[in-house]
Amino acid sequence: MRKIKDLRAVELKGDYISVINQLKLPHQLEYLDLKTLEDVEKAIKDMVVRGAPLIGIVAAYGFAIGIKQYPDKPEYVYEKLKNTRPTAVNLFWALNRMMDKYNRLKDKDKETLIAELFKEAERIEIGDYHANKSIGGYGEVLIPKKANILTHCNTGALATGGWGTALGVIRSAFENEKDITVFVDETRPYLQGSRLTAWELDYEGIPHYIITDSSAGFLISKKMIDVIIIGADRITLNGDVANKIGSYTLSVLAKYHNIPFYVAAPTSTFDLNTLKGEDIPIEQRSENEVKYCGGCKVAPENSKVINYSFDIVPASNITAIITEKGIIQNPDKEKILKFFNKRSLL
Ligand code: MRU
């Protein structure tokens with residue numbers, strides 16, 4: 001078995017957290033202390049921390065930090081954090097869990113309440129790490145002994161409580177001595193692939209190439225890609241997946257060229273209260289993220305920009321969803337209800 005380094009994007013330091021400032025990567029590994037509700041709110045909004053599971057984890061710590069500051073204003077703390085980013089459902093999942101904990105303990109003394117809230121946030125973080133290790137275990141079985149794998153955006157330790165989802169499957173395959181090469185994209189608008197995923201792969205010594213998003217089709221047509229694997233920001237009841245813009249295009253290419261298209265995500269990324277992908281709110285971000293690249297202006301001042309941060313992969317384009325509890329092949333509403341052992345909610 002190969003050795004894998006254990007990178008962590010967030011660390012609890014008593015009654016505040018320290019996070020990797022992802023805006024500074026790959027140039028600098030800088031840690032930022034988040035000590036107030038406002039610090040946490042800004043870090044999520046500005047994408048100092050990002051990635052669906054990590055947004056949930058940091059928001060959970062933010063809730064504990066916020067209650068310490070505003071012990072009698074749980075709704076205020078909840079709303080502030082809830083309004084940071086709209087698409088990743090892990091944010092709302094984590095905040096609802098923290099609010100439940102608060103409601104169960106609100107009659108305790110303040111010290112006990114706050115200590116228990118920090119413990120709950122830590123359980124969310126550690127739970128996510130273990131979920132990812134399990135996703136890695138289920139997912140790596142699907143990766144051939146020798147494979148060229150295309151992955152989109154960043155789904156690694158930097159996006160989660162550790163190990164990663166799609167990148168966790170890649171880590172597990174590498175750890176198990178598989179002969180893999182990773183093709184990394186999302187090179188625009190935010191360069192999450194080239195800045196963050198390539199940095200993580202380089203850190204681990206996993207062979208990889210950065211490709212521009214627009215090269216994916218050509219490489220697939222030349223049979224240079226065997227498997228595509230991505231993460232998810234939200235998975236609806238019918239199996240549609242919201243993920244970083246560009247994911248839909250890759251899923252269409254995979255279907256056309258008949259190569260497997262996998263989604264790796266913890267069960268906290270499922271939103272069973274939303275029926276289908278088109279009902280998911282899709283974040284639109286600032287036009288400057290497109291007009292500027294690495295601090296340089298790369299577009300005319302007067303041009304307008306459309307900058308959706310996510311798109312929707314229809315369930316019919318997905319070969320399987322890999323979770324910590326097992327794999328859902330050819331996902332649809334019936335299979336997802338059966339997987340969660342539920343009757344129809346909608
Ligand atoms: O805008 P981001 O960087 O928060 O978007 C991240 C993604 O789209 C990831 O692919 C997704 O959150 C899965 S992370 C395990």
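In listed order, ligands and their atoms are each counted from 1. Position 1 is the first residue of the sequence, and the numbers go up from there.
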Quick check for students: name every N or O atom pair between ligand 1 and the protein closer than 3.5 Å, with distances.
residue	atom	partner	partner atom	Å
ligand 1	1 (O)	Arg85	NH1	3.4
ligand 1	1 (O)	Arg85	NH2	2.9
ligand 1	1 (O)	Lys244	NZ	2.7
ligand 1	3 (O)	Arg50	NE	2.8
ligand 1	3 (O)	Arg50	NH2	3.2
ligand 1	3 (O)	Gln192	NE2	2.5
ligand 1	4 (O)	Gly51	N	2.9
ligand 1	4 (O)	Arg85	NH1	2.9
ligand 1	8 (O)	Asp233	OD1	2.8
ligand 1	8 (O)	Asn243	OD1	3.3
ligand 1	8 (O)	Lys244	N	3.3
ligand 1	10 (O)	Asn243	OD1	2.8
ligand 1	12 (O)	Ala52	N	2.9
ligand 1	12 (O)	Asp233	OD1	3.2
ligand 1	12 (O)	Asp233	OD2	3.0

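Side-chain heavy-atom separations under 4.5 angstrom define the hydrophobic clusters, and the remaining members of the one that includes Ile282 are Ile245, Ile280, Ile306, Tyr308, Phe310, Ile312.
Taking the centre and axis of the six-membered ring of Tyr129, the NZ or CZ atom of Arg8 falls inside the cone set by 45° and 6.0 Å.
For the side-chain hydrogen bond (donor to acceptor under 3.5 Å, both in side chains) with Asn154, the qualifying choice from Gln192, Gln22, Arg50 is Arg50, the only one to do so.
Listed for the Asp128 side chain is no donor-acceptor partner under 3.5 Å among the backbone atoms of Pro53.
Identified under the ring-ring contact (aromatic ring centres under 6.0 Å, His included) test for residues 269-294, with sequence neighbours left out: Phe270-Phe340.
Judged as a salt bridge (charged side-chain N to carboxylate O under 4.0 Å, His left out), and not counting sequence neighbours, the contacts of Lys297 are Glu301.
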